Amino acid sequence: MSTTQHLNSPIGTETRSRGRWLALGVLVLAVLLVAVDATVLGLATPALSEDLKPSGTQLLWIGDIYSFVIAGLLVSMGSLGDRIGRKKLLLTGAAAFGAVSVLNAYATSPEMMIVARALLGVAGATLMPSTLALIRNIFHDPKERSLAIGIWGATASAGAAVGPVVGGALLQHFWWGSVFLINLPVMIALVVVGIKLLPESKNPVAGPWDLVSVGLSLVGVISVVYAVKEVATHGVTWEVAATATLGVGALYAFVRRQFVLPSPLLDMRLFKHRGFSGAVLADLLTVFGLSGLVFFLSQFLQLVQGRDPLEAGLAELPAAIGAVVTGLIAGRYARRYSVRTIVAGGLGAIGLALAVLTLIHKESGYPLLGAALLVVGLGAGFSFTVTADVILSSVPKEQAGSASAVSETAYELGAALGIALLGSIVTGVYQSFTAPASVAGPVADAAHESLGGAVEAAKALDPHTAQVMVGAAQDAFVDGLRLASGVGAAVLLATAVAAWFLLKGQRLQEGLEH
């Protein structure tokens, strides 16, 4: 009997098969790589900038284009997997991800790097929805599926945290392109093993893939995310307003089109399910509240407390450890108590941990920070795992790709909004600091641009003046971080309350599916 037949065989055989757990091992490889790749570039940016010498605008595009393209294509790729087969899309995307990683590693100009990062985003958009959709179709027992989703989520959390550690270790011994080449052996293993172990699944009555909807989705999401980031960085301009208007208009047209298509790219009726909508909203707002903190916490550890990149990466590990631990047991506890208790409790714990971070200062000891990060991870492991389970369980198996893509899009939009809006709070407070009277002109301008700019600009000053200016800049940055943590805490606590009501009566499935 083939692996595909075995995995899709009658329930009695399926529950005894170990093949599905081996298949899960293949799927988490893909999740691990995408999660690592999302965080590893930040550490390589200084070395990359020195080698390729991009302009400031080009450097922003190198950093942003990957997430822009992923966010814009997730829904389209999830729907494509439902149509042509999730295994086929996953393995094709994995092969492309490995090949394009080589192109990233050996880019010789900023323009080439931007194109390579965009192509990596296209490949990455095929992976996350496909992995969750395949889990929905491989694991017929809801309790086993909850554990599988927990492992999937724990791997994503661990990957995001391991990224800076792996990146820091590589950059201490190799050139910046090495952070991309680590993708290659993992993707080769994924494709070779996945061909044998993964079952194929798709929606047999999905209909054609509507390219107009694909275009509207891509233009809408990218335009909105770009506009939000630009507002945070440069304020409201007529170009940003025009981009935001284009994005909102495209998304409105996308939604209207889905209601009239006989085979929509995304079935909007999914949102009529209160559990589905509540889980998606909880994910978006949770990532919103967390992302700004995570983004600026790395700068706090390195530029305020003076840790090197590897040490800073290790300092953030408690969050991943907490997420792994609770992710593996979240489904069991959601059945013992209730979905809304676990999700709301997890979100409340994150909110309280963020509230504690409003007390940090430059000399804060690591125990306070490490404890807060551990609680953040514990809460995230509970809430994200259960909401992912709710989202997948709320839809027919045939639509698992589309549902997974909606979940992933919520993550990407939440991250973009969080970094942009909470980032604007940190930046606004930071830029109000007062430089020494003797510091003026380009040096003062560079110092007020960012904390990294202040540290760099200080090298041109005498030691005493440099120390005074950097100290003032660090104090202002910490003030901004505290305020952003407070806003994040308020968002998370409000989301916990909303989840308590939106997920009322929601339960995870108990028995085997037939």
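Predicted model only: the values in this text are computed from it and were never measured.
Residues Leu103 and Met112 form a side-chain contact, since some pair of their non-hydrogen atoms from C-beta on lies under 4.5 Å apart. Within the 4.5 Å cutoff, side-chain heavy atoms of Leu181 are placed close to those of Trp175. The side-chain heavy atoms of Val375 and Leu352, taken from C-beta on, include no pair separated by under 4.5 Å. Ser101 places none of its side-chain heavy atoms less than 4.5 Å from the side chain of Leu184. With a 4.5 Å cut-off on side-chain heavy atoms, Ile149 and Val386 do not count as touching. Looking at heavy atoms from C-beta onward, Trp500 lies out of side-chain contact with Thr495 at the 4.5 angstrom threshold.
Pairing each heavy atom of Thr126 with each of Met77, the nearest pair is CG2-SD, 3.8 Å. Taking both residues in full, the closest heavy atoms of Gly370 and Pro318 are given as O-CB, 3.7 Å, listed atom of the first, atom of the second, then distance. Considering every non-hydrogen atom in both Leu127 and Ala123, the closest pair reads CG-O, 3.6 Å. Shortest non-hydrogen contact noted between Thr387 and Asp283 is OG1-OD1, 2.7 Å. Taking every heavy atom of both residues into account, Leu73 and Ala125 meet most closely at CB-CB, 3.8 Å. Nearest heavy atom pair, residue Lys362 against residue Gln305, reads O-NE2, 3.2 Å.
Leu27 contributes atom CG, which lies 7.5 Å from atom CG of Leu190 (distance to the nearest 0.5 angstrom). Within the model, atoms CG of Leu492 and CG of Leu354 stand 5.5 Å from one another, a figure rounded to the nearest 0.5 Å. Between atom CZ of residue Phe300 and atom OG of residue Ser364 there is a gap of 5.5 Å, rounded to the nearest 0.5 Å. Between atom CG of residue Leu369 and atom CG of residue Leu357 there is a gap of 6.5 Å, rounded to the nearest 0.5 Å. To the nearest 0.5 Å, the span separating CD1 on Ile342 from OG on Ser383 amounts to 10.5 Å. For the atom pair CG (Asp475) and CG (Asp479), the distance works out to 6.5 Å, reported to the nearest 0.5 Å.
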Exercise for the section: Start with the C-alpha gap between Ile151 and Trp21, add the side-chain angles, then the distance that decides, and say whether side-chain contact (heavy atoms from CB on, under 4.5 Å) holds. Expected result: CA-CA 11 Å; Ile151 294 171; Trp21 294 107; 4.2 Å; yes
Exercise for the section: Test side-chain contact (heavy atoms from CB on, under 4.5 Å) on Phe97 and Asn183 and set out the steps. Expected result: CA-CA 8 Å; Phe97 199 91; Asn183 297 340; 3.5 Å; yes
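Not one N or O on the side chain of Thr385 forms a donor-acceptor pair closer than 3.5 Å with the backbone of Phe382. Side-chain atoms of Thr341 do not come within 3.5 Å of backbone N or O of Tyr337 as any donor-acceptor pair.
In this structure, Phe180 and Trp176 have perpendicular ring planes: the angle between them is above 60°, well past the 30° mark.
More than 12 heavy atoms of other residues, nucleotides or ligands sit less than 6.0 Å from atom CZ of Arg482. Residue-environment remark: CD (Glu111) exceeds the threshold of 12 foreign heavy atoms within 6.0 Å. More than 12 heavy atoms of other residues, nucleotides or ligands lie within 6.0 Å of OH in Tyr366, so this atom counts as buried by the packing criterion.
For Val100, the side-chain contact (heavy atoms from CB on, under 4.5 Å) partners at least two apart in sequence or on another chain are Asn104, Leu119, Leu120.
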